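Source: prediction; values computed, not measured. Chain identifiers are assigned alphabetically (A, B, ...) following the order of the sequence lines, protein sequences preceding nucleic acid strands; residue numbering begins at 1 within each chain.
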There are 2 protein chains.
Amino acid sequence: MAARDYGQYCGITQALELVGERWSLLIVRDLLVGPRRYGELAAGLPRIPSNILAARLKELQEAGVIRRAPRSRVIVYELTPYGRELEPVVLALGAWGFKALGEPRDEQIITPAAMTMTLRTAFRPEVAADLPPTSYAAHVGGDGLVIQVDGATLGVTRGDAPVDLAFAAGPVILRLISGELAPERAIATGAVEVLHGRGDLLDRFASTFHLAA
Amino acid sequence: MAARDYGQYCGITQALELVGERWSLLIVRDLLVGPRRYGELAAGLPRIPSNILAARLKELQEAGVIRRAPRSRVIVYELTPYGRELEPVVLALGAWGFKALGEPRDEQIITPAAMTMTLRTAFRPEVAADLPPTSYAAHVGGDGLVIQVDGATLGVTRGDAPVDLAFAAGPVILRLISGELAPERAIATGAVEVLHGRGDLLDRFASTFHLAA
DNA sequence: CTGCATCCGTTCAGATACTG
DNA sequence: CAGTATCTGAACGGATGCAG
């Protein structure tokens, strides 16, 4: 018996033995967005030491959660079907933790993957279904995300594209999603900077994406 | 900034900072069954060192997940309303980990709290609704659980009471819930020992509680 | 340059003993 | 019974090295 074994025959202990180590679920979070290379994962988790990242990737492979896939000369890591079944867990955990987020501290960042998963969690298809299709470009921390809402369908991709509303913001963007920061106030105080398009579309953004705080 | 901080402004990292430490979610799992004293928690987590249990209880209090409550001369720990909101997370994690459970190893045990949460996860109200009210007594590892199914309602309590079917089993009881062990075979091989009542009620048990493996 | 491996100091977890 | 104190080893964190 391994020393670090919980010693119980139980789904929860089993899950924690597979993905309960530090950083593991964050790797899963980032891979839920799509396959990623080693360097991309490292960039999305700036505070993870490289040896720990390598160790976690190995453990997650052995656990059957992720897989190394050669993609035209480079190696990407991707979730296995079993790993993808963690999505409800990650979303539920994110929604729970979201409520405990206070004001963003200076050193806290939002990575593109984290933002993508937050948007997926906060997306309200029943609200979006009654709104005209709208596209947004969110620039947060230098990275650009293109958010496409079409009826009850949500698409989030990295990069840039012509959109209805482009804006730049810091981590405080999440306070918009929690409703603690009103869209007009966000623009008035400069917390959100409108780069392109009608600023009042930020209202639509805030009603499309909402998560209790 | 704390050294062990993930440094991200994100619900998932926040959640992991509150309940991501080793043992934390298992304490939450046990408290989801009901308030527990320190000694009861220690008994339900046989492999946790007492100093770690004390440390986790302190951290979980500071995180607003649990609370110390004086109950007539003794202190019990109980979930706060915010802590109770972790139930979907714990259930989802348990359902996911359940699929990766292999054969039980000799040293692996099932605690009453773990069994209770597994039953809650596996309960199929839509199946139970069409069955007559049935009560079971499950003796697993020396501990007795009384399981009462009445329509779509499930009740699990510790102790003993007159029931329709009483049986004793080891960890292999979960293989019954996963469908990998047929009820008749379980009785025939002695994996499940019928202590009282009609053994064919084990069929009903297996159809009332099911979780994919 | 990407994808790791190695080294080493620090922090944390685990076992045991002990106390109010 | 409900924890604290102390010690040891393992895991983590940060820097650096190195091979394909």
Next item on the list: Quick one: label A/R56 by what it contacts on the DNA or RNA (base, sugar-phosphate, nothing), any heavy atom closer than 4.0 Å.
Entry: sugar-phosphate
Checklist line | Nearest-nucleotide 5' precedence on DNA chain C, A/L57 against B/E59 | finding: A/L57
Margin query: Run through DNA chain C and report every stem of 3 or more consecutive Watson-Crick or G-U pairs, distances under 3.5 Å, ordered by first number.
Written below: C:1-19 with D:2-20
Next item on the list: Provide, to the nearest angstrom, the distance between the CG atom belonging to A/L53 and the P atom belonging to C/dT6.
Entry: 16 Å
Checklist line | From A/S24 atom OG to A/R56 atom CZ, the distance as rounded to the nearest 0.5 Å | finding: 5.0 Å
Margin query: Among B/E59, B/E17, B/E21, exactly one meets salt bridge (charged side-chain N to carboxylate O under 4.0 Å, His left out) together with B/R4. Which residue is that?
Written below: B/E21
Checklist line | Mutual orientation of the aromatic rings belonging to A/Y38 and A/Y77 [parallel < 30°, tilted 30-60°, perpendicular > 60°] | finding: tilted
Next item on the list: Give a yes/no verdict on a cation-pi contact between A/R67 and A/Y82, requiring under 6.0 Å between NZ or CZ and the six-membered ring centre and an angle within 45° of the axis.
Entry: no
Next item on the list: Would you indicate, yes or no, if C/dG3 has its OP1 or OP2 atom less than 4.0 angstrom from a side-chain nitrogen or oxygen of A/K58?
Entry: no
Item checked: Nucleotide-resolved protein contact map, nucleotides 13-20 of chain D, B/S/- at heavy-atom distance under 4.0 Å -> BBBB----
Next item on the list: Could you check A/L119, A/T134, A/V192 and say which one makes a side-chain contact (heavy atoms from CB on, under 4.5 Å) with A/F205?
Entry: A/L119
Notebook entry, point to check: Just how far is it from atom CG of A/L53 to atom CH2 of A/W23, taken to the nearest 0.5 Å?
Noted result: 9.5 Å
Next item on the list: Could you list by number each residue of residues 25-46 of chain A showing a heavy-atom separation from DNA chain C of less than 4.0 Å, or answer none if no residue does?
Entry: A/R37, A/Y38, A/G39
Check: Considering the options B/R37, B/R68, B/R84, B/R71, which one meets the salt bridge (charged side-chain N to carboxylate O under 4.0 Å, His left out) requirement together with B/E78?
Finding: B/R71
Margin query: What's the separation between atom CG in B/L202 and atom OG1 in B/T208, rounded to the nearest 0.5 Å?
Written below: 10.5 Å
Margin query: Applying a 4.0 Å non-hydrogen cut-off, can you work out what A/I75 is touching in the nucleic acid: base, sugar-phosphate, or nothing?
Written below: sugar-phosphate
Next item on the list: Taking all heavy atoms of B/L18 and all of B/L60, pick out the closest pair and write down the distance.
Entry: O-CD2, 3.8 Å
Check: Is B/R124 atom CZ crowded by more than 12 heavy atoms from other residues, nucleotides or ligands, each under 6.0 Å away?
Finding: yes
Note to self: Return the CG to CZ distance between A/L91 and A/F123, rounded to the nearest 0.5 Å.
What the structure shows: 13.0 Å
Next item on the list: Considering just the side-chain nitrogens and oxygens of B/R68, establish if one lies under 4.0 Å of OP1 or OP2 belonging to D/dG3.
Entry: yes
Check: Could you give the CD-to-C1' distance, from A/E21 to D/dC12, as a whole number of Å?
Finding: 11 Å
